[in-house]
Novice: 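Next up is a structure, given as structure tokens.
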Amino acid sequence: MVRVMLADPQAVVRIGVKTILETEKDFEVVAECESGLDVCAMAARHRPDVCILEVTLPGRNGVDLAPSLHALPRSPRVLILSSYVKRQIVVGAFQAGVDGYAVKTIGPSMLREAVRAVARGQSFISPEIADVVLQHAVGGVSPAREKLTPRERQVLQMLAEGMNAKQVAAEIGISDKTVHAFRAQVMRKLGLRSVAGLTKYAIRHGLTSLA
């Protein structure tokens, strides 16, 4: 039995994936959530074998969650299920340690096979994006890996999603002053001059679901 946790901000997606998986007897969906801020705690509590994550989860995106999930005592495998197919997002996901990347256009049978493959310790890549990963592997031109630390990326995402410094500080347990310092550091690293620029960067790199 493969124990699965689903994390997607859209309830209809979670319902659809759960229905697809549980038509087969070897799957059990043990937990669902819609925010990236809840993923690690729920995974620690429910101990899934595979976490299926959307890239653009509110609060903390799916790519940045992969290392934290793998660091849990009983670490689940991580499968991204997203409509994002941009090279920098797909390559960045594998660099962050995800075990598979499936595009939401795949059919039910391929989705089930993706989850089975990841649960067995194998990797999975949707055919639509396989060339992106292959080009990166053989030395093709690819975007530079993230300039930002995981904490900087999290602060950037929260600010882009409309939270103020005090709200960000309360959510992740740091001071307002530290949030302002992170914001200044992020803007310096990225060569940006405004919060609007930060928001545009976050959208372009799949850090937020805002569109």
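The residues of the chain are indexed from 1 along the displayed sequence.
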Novice: In terms of hydrophobic clustering (I, L, V, M, F, W, Y; side-chain heavy atoms under 4.5 Å; direct or indirect links), are Val90 and Ile125 co-clustered?
Specialist: yes
Novice: Please report the shortest heavy-atom distance between Pro48 and Val4, naming the atom on each side.
Specialist: CB-C, 4.1 Å
Novice: Taking Phe182's backbone N and O only, do any of them form a donor-acceptor pair with Arg151's side chain (distance below 3.5 Å, no angle check)?
Specialist: no
Novice: Ignoring hydrogens and angles, tell me if any N or O in the side chain of Glu32 forms a donor-acceptor pair with the backbone of Arg14 under 3.5 Å.
Specialist: no
Novice: Report the residues that fulfil side chain to side chain contact (heavy atoms under 4.5 Å, CB included) with Met187, sequence neighbours left out, ordered by chain and then residue number.
Specialist: Arg183, Leu198
Novice: What do you reckon, is CZ of Arg47 surrounded by more than 12 foreign heavy atoms closer than 6.0 Å?
Specialist: no
Novice: So, applying side-chain contact (heavy atoms from CB on, under 4.5 Å) with Val17, which one of Ile52, Asp8, Val12, Val115 is it?
Specialist: Ile52
Novice: If only atom types and distance count, is the side chain of Glu161 paired as donor or acceptor with the main-chain N or O of Gly59 below 3.5 Å?
Specialist: yes
Novice: Apply the side-chain contact (heavy atoms from CB on, under 4.5 Å) test between Leu65 and each candidate in Leu57, Leu37, Val78, Val55; give the one that qualifies.
Specialist: Leu57
Novice: For Gly121, is there any backbone N or O sitting under 3.5 Å from a side-chain donor or acceptor partner on Arg77?
Specialist: yes
Novice: Please determine whether a side-chain nitrogen of the Lys or Arg among Arg74 and Asp49 lies less than 4.0 Å from a carboxylate oxygen of the Asp or Glu.
Specialist: yes
Novice: Any chance NZ of Lys189 has more than 12 other-residue heavy atoms, nucleotides or ligands included, within less than 6.0 Å?
Specialist: yes
